[in-house]
Amino acid sequence: MSQSMSEPGPLSFHVPAPAVRPGGTPDFSDVKISRAGEVRRPDVDVAPEEIRDLAFQIIRVLDRNSEAVGPWAGLLSDQELLDGLRHMMTLRAFDARMQMAQRQGKTSFYMQHLGEEAVSCAFRKALEPGDMNFPTYRQAGLLIAGDYPMLDMMNQIYSNELDPMKGRQLPVMYSSREHGFFSISGNLATQYIQAVGWAMASAMKRDTRIAAGWIGDGSTAESDFHAALVFASTYKAPVVLNIVNNQWAISTFQGIARGGAGTFAARGLGFGIPALRVDGNDYLAVHAVARWAVERARRNLGPTVVEYVTYRVGAHSSSDDPSAYRPKTESDAWPLGDPVLRLKNHLIHRGVWSEDRHKQAEAEVMAAVIAAQKEAETHGTLHTGPHPSARDMFEGVYEQMPPHLRRQRQQGGV
Amino acid sequence: MSQSMSEPGPLSFHVPAPAVRPGGTPDFSDVKISRAGEVRRPDVDVAPEEIRDLAFQIIRVLDRNSEAVGPWAGLLSDQELLDGLRHMMTLRAFDARMQMAQRQGKTSFYMQHLGEEAVSCAFRKALEPGDMNFPTYRQAGLLIAGDYPMLDMMNQIYSNELDPMKGRQLPVMYSSREHGFFSISGNLATQYIQAVGWAMASAMKRDTRIAAGWIGDGSTAESDFHAALVFASTYKAPVVLNIVNNQWAISTFQGIARGGAGTFAARGLGFGIPALRVDGNDYLAVHAVARWAVERARRNLGPTVVEYVTYRVGAHSSSDDPSAYRPKTESDAWPLGDPVLRLKNHLIHRGVWSEDRHKQAEAEVMAAVIAAQKEAETHGTLHTGPHPSARDMFEGVYEQMPPHLRRQRQQGGV
Amino acid sequence: MPRKTMVEAIRDAMDVAMQRDDNVVVFGEDVGYFGGVFRCTQGLQQKFGSSRCFDAPISESGIVGAAVGMAAYGLRPCVEIQFADYMYPAYDQIVSEAARLRYRSNGQFTAPLVVRMPTGGGIFGGQTHSQSPEALFTHVAGLKTVVPSNPYDAKGLLIAAIEDNDPVIFLEPKRLYNGPFDGHHDRPVTPWARHPQGEVPDGHYTVPLGKAAIRREGSGVTVLAYGTMVFVAEAAATEAGIDAEVIDLRTLVPYDLETIVASVNKTGRCVIVHEATLTSGFGAELSALVQENCFYHLEAPVTRVAGWDTPYPHAQEWDYFPGPARVGRALKAVMEA
Amino acid sequence: MPRKTMVEAIRDAMDVAMQRDDNVVVFGEDVGYFGGVFRCTQGLQQKFGSSRCFDAPISESGIVGAAVGMAAYGLRPCVEIQFADYMYPAYDQIVSEAARLRYRSNGQFTAPLVVRMPTGGGIFGGQTHSQSPEALFTHVAGLKTVVPSNPYDAKGLLIAAIEDNDPVIFLEPKRLYNGPFDGHHDRPVTPWARHPQGEVPDGHYTVPLGKAAIRREGSGVTVLAYGTMVFVAEAAATEAGIDAEVIDLRTLVPYDLETIVASVNKTGRCVIVHEATLTSGFGAELSALVQENCFYHLEAPVTRVAGWDTPYPHAQEWDYFPGPARVGRALKAVMEA
Ligand SMILES: Cc1ncc(C[n+]2csc(CCOP(=O)(O)OP(=O)(O)O)c2C)c(N)n1
Ligand SMILES: Cc1ncc(C[n+]2csc(CCOP(=O)(O)OP(=O)(O)O)c2C)c(N)n1
Ligand SMILES: [Mg+2]
Ligand SMILES: [Mg+2]
């Protein structure tokens, strides 16, 4: 049998590792980054086979001179961009305050968005009322940019008496049907296929609403990611399948999830699903690509996979310390810059913004966040003040409380 | 927001359906089939990116004139091909007899390979001793071509006193460590990732043995398929990931699992795994591609995805009646022909075989199967004669029987 | 009244539910064009179109995951898992998602879905076509778990399950699909057409979730059973000549404690029967409940008869299956204790 | 003797096992370079190289599925699931594959693997960082399920689990990682360094699977507990002034019936405590077993104290957690019954 084979030596085991670890000098020079304006903008009804190359490029709008260039530019008005800037600044201020509140023991747990604000804030503006997101814990920008009250978010973070989830769910695992924000699970990837199911339902009912699934780079390894792609491709579901590639899961870099694949977007290709990659730190690019994918869905052209290339600047969560697994300076070396800064500079370049107005806006935004925080704290924080009751704990397991649970509630004395 | 969008109409729901249903005239004219000899044979250390196109073609060796042509031809000697023919004929005769035995009530259940014999028979000959298959229920050719005794297979099918699985496992869910045939689970797709784990272990131990995972077209939708591809690509595991696309799951055609994807092989592309498609009814092509993929694994070049394009001529299992969901004549219309016939004709063309010798071989093979069957039946069949004991039922749950199980065995009176 | 097999009754339930409510949709592996490997959905696609009844890829997690999304949208999916043995890939979606959605979102999103699956042994299905995983559902807060034992109940319970606003696991004892099976595998099975419980009214009716039924009145010992074991218990009692009261639980969670306690307090004895493996089976919960609630009435230990703690074997089907002989022995032992 | 936290003891167990047997490998999410989110594998990759200890993609089914393949090859994988709440995607591989492999292949292939996972509440982890899914494993024939309650046992049991030739589920009560927690969340926790069970010998030793330990002798009532609840039960007994015998089960399956029965026959009373939801929890099995084996010695109903049948809430952590007050009430009630 083996006549033609040379005698191969022993096998060896390969474990991908990031190029640089703590102590080393960050180096992203191998990250292939398309020039702003370089990547073409196909029609939304393009045949998936014709745009396979887009899964390996990065759609970018803002160039080094803070100019918006290329075929994906020009969709947003000054006011829309100013709104976008404010949303991102608000999310950043919100994160800063809540992160601190967590350290002060006012809540058990927090997860921030630092560096990734553009992704959820800009995506939100591509949706219509009634559309439904199935987010992870790192898309609070969908709420902020959709004008969900910060106070409600804080009430949940504090698990106080006004917590809209009645203390049952973790902080940051928000839910708002009204704001098109599906209840966050906390179990990774489970909601990706649910987004597809929701979208299928909309198509089955001949509705016009579409869904958006969200997943992190690390979580694409989960099985439900596959289920989502299978169902989306089989039923041509009107769904946008977003992958937020912020380079890190918790301590593992994207190579552990991506393996030998070129990109995460390329996962879509095996399913005949159009797949785009976009500069996740470029508000304009994110919005333009989101619009494209949303339009495809809305026009019944089926699913789109979108990979947002970004970087998780902060810790994974308040329980994490990234200095144990990556150089502290890695985020500074990240070649796609800071989304807030980039949009700010673009607006200045556009002549509708200035350093002064920015500073002023920062102060205003922070004041608004602090005001909401003060208000929220009058309703309690995790360990002090009024809070959801033990009765709330027994409610809502079923629509009607079954006898055995009623007996338990009695036993619990509430 | 939506200024630039035209008002789209309502969505509609898409469910893929086969072009033809019972009563219709089968038509495979849209199946793109490469010409024999047409597809190139890259070096095994080719960069995956350079052979993406192979995931959309079909490697074929035997042409219409029963000649072996092109770069994938020429690997097998006359004797090896004659052996291959005998293996396929044996499997076919074995299936025929066991299928009948099931109808006679001698076993509960049977699954045959009709039309797909080349896949497992030819693949087996590309392996070395010590390599491990993680098969589905439709690769008994791995055993037959590896000279596993038919008698042992029949003993299991009959759940008789010599059943090597002691009556615990279903018929056809064979297991033979010695023959590189991992215990078949019965739960679809679970073993695909196990094959990857086995291969990882071999690499971790600096061994030279490699693994082969097996899955059906329908089962690629299962989540463990994804886990396998993720792990194989991340750790560059020495594994061949086989997809047997026989066009049908049970009653659902491959379009339900494949959705909008071009091919099943293309699933590998999203992981940077080289992916080939091969004419599954062409013994020479299957063997050549298997060799290529096995060599890649053996040389530590990592995983390969191979899609075998074939057709399930028989029912899904003895519990199934395909006339309820596809035209009875569909298998006749299948453009890739019959693997036994094609190899027979090639051997005749080669001048080492004849119609007469074939007829004689058919008789010999059948006689051998019947002899084994008679022998097996002296040891019992499912409902008559000697059979595994109730004691066997209690053994082997753990290495040592724990006290609670011992008490139950006593209670059971055995 | 029309007689129906259990398969027909289940199909009828979906048909009725789909007619009454456009939001009821049915899907699963082989469920659409073909009508399911047990034919439970036969004709539904033809009647309601492929937006209402359709084939799914072989992905149990995808099926239930998509159903959760559809349910959150406002549909009432009723999905089929081909065999209960194949529900494990969907278990995460059932436990972590469907069961907790209402709770964690404070009622903003709910998961009114039904997951149907054939369970139980007796068909020489071996390890992968015989399991009874009900205890894996009864442990999960937020789920309801139903096991019908006859066509009438199957239809009424399934309609109730589809109309319920919480996720319901609907376990169909496949050995009962064609007729009541009492464990005497060597005798021909009575078809439902000749059994009173095969009488299934046309149109809409429900059997309420959470209510048990007394199948055989008696005063000597209470037998708690569900699914196939109801008939086995009846046969065992009759054959052993024991004055047993046989209770068919029908719904495991929420369970009908009242009926159970009233009976055991009356009889003073209790035997629990199920096909699932003994350890940590639902019988353990029943035993604990009976003991907690009837302690001072008990004259003998509450006894469990169940599948042995082994995987379900193929050839030893009838050694494994808790048939009338084993149940009968337990009944006698309890009466003599 | 060196004192260790439970985290250190668990790490030490893997270190010892890896040193003694080249076939022991360790992997899981964040387990390699970083050493695990609870630091249980810290230093192992550095010491043994990345072929022996490495990071896995976030795929629990992949982790256990690959481990099954490795175990079949001949390795002894000891994998980590980051939180027990995330084991559901791996449940199919555990139940359908690892647990049945030996049986279905008649011993040709086996799955000597350990699946470690932190369990239990008390850290404000909410629904997805607090669950106690032990009953989902105890129901599955072919699995062993272990729950250590202190560093000494954790090390000895984990080494025994790794050396065992069958699949073992190893549940680590995360609230005990740093010290024995008795449920008094408002008091500072004693570190293991100040607790005798924090004494962990160097090198190799095992605590046999299947043997319980009596933590507190007593003659009034037997308390069956495991994990964190052992300390809660001890505290409750002391505070309520009840002469309770507290048994730490350590292994749930196979369970140590002998020790349980001897104790209950002596005390005539039994209280079972666990964090998992009540219905169909492992307490149900224990209750059934006690009742079946000690019926004629029981002076009061066997009583269960457990997590309520709700998802694990976030803010109401201490309303949910079966703390010393609730256990104490149950002890008193049983003594007065
Ligand atoms: C099923 C499951 N497994 C593991 C975890 C623990 N976990 C929470 S977040 C996380 C990393 C996710 O990384 P990624 O998907 O890249 O998202 P990111 O945090 O970077 O946004 C892990 C492992 C979980 N929540 N659920
Ligand atoms: C997890 C699981 N789900 C469902 C089944 C039932 N089932 C057995 S074979 C089969 C079809 C498989 O089709 P395919 O993968 O194409 O393999 P083929 O039978 O064509 O070789 C199904 C649905 C199963 N065995 N396991
Ligand atoms: Mg990430
Ligand atoms: Mg197939």
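Naming convention: chains lettered A, B, ... in sequence-line order (proteins, then strands); numbering from 1 in each chain.
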Give, for atom [atom1] of [X] and atom [atom2] of [Y], the distance between the pair rounded to the nearest 0.5 Å.
X	Y	atom1	atom2	value
C:H129	B:F109	NE2	CZ	5.5 Å
C:I58	B:F225	CD1	CZ	12.5 Å
B:H226	C:S61	NE2	OG	10.5 Å
B:L382	C:E317	CG	CD	9.0 Å
B:R407	C:L278	CZ	CG	9.5 Å
C:S59	B:L188	OG	CG	11.0 Å

* To do: Ignoring hydrogens and angles, state whether a donor on the side chain of C:T279 or B:H404 is under 3.5 Å from an acceptor on the partner side chain.
  => no
More than 12 heavy atoms of other groups within 6.0 Å of [X] [atom1]:
X	atom1	answer
B:K166	NZ	no
C:Q19	CD	yes
C:Q46	CD	no
C:K47	NZ	yes

For the interface with chain C, which of [options] has the highest count of heavy-atom pairs at distances below 4.5 Å?
options	answer
B:R409, B:H387, B:M173, B:H383	B:H383
B:A390, B:A189, B:A257	B:A390
B:P402, B:G396, B:P171	B:P171
B:G413, B:A324, B:A17	B:A324

* Of all the heavy-atom pairs spanning C:Y86 and B:G186, show the shortest one and how long it is. => OH-O, 3.7 Å
* B:V397 versus C:D309, closest heavy-atom pair with distance -> CG1-O, 4.0 Å
Heavy-atom pairs under 4.5 Å with chain B - which of [options] has more of them than the others?
options	answer
C:F83, C:F34, C:Y88	C:F34
C:E29, C:Q82, C:Q316	C:Q316
C:G35, C:G32, C:P313, C:G62	C:P313

What part of [X] is in contact with chain C, defined as an atom under 4.5 angstrom from a non-hydrogen atom: side chain, backbone, both or neither?
X	answer
B:S185	backbone
B:S389	backbone
B:P22	both
B:D224	neither

* Asked: Which bit of C:Y312 is near chain B, if near means a heavy-atom gap under 4.5 Å: side chain, backbone, both or neither?
  -> backbone
* **C:F124 portion near chain B, given a 4.5 angstrom heavy-atom threshold** => both
* To do: Decide side chain to side chain contact (heavy atoms under 4.5 Å, CB included) for C:T310 and B:L405; before the verdict, give the C-alpha distance in whole Å, the side-chain angles of both, and the deciding distance to 0.1 Å.
  => CA-CA 8 Å; C:T310 76; B:L405 208 47; 4.0 Å; yes
* To do: For this output row, return yes or no: ring centroids of B:Y325 and C:Y33 closer than 6.0 angstrom.
  => no
* To do: Would you please test C:W308 and B:F394 for side chain to side chain contact (heavy atoms under 4.5 Å, CB included) and show each step?
  => CA-CA 8 Å; C:W308 309 116; B:F394 285 105; 3.6 Å; yes
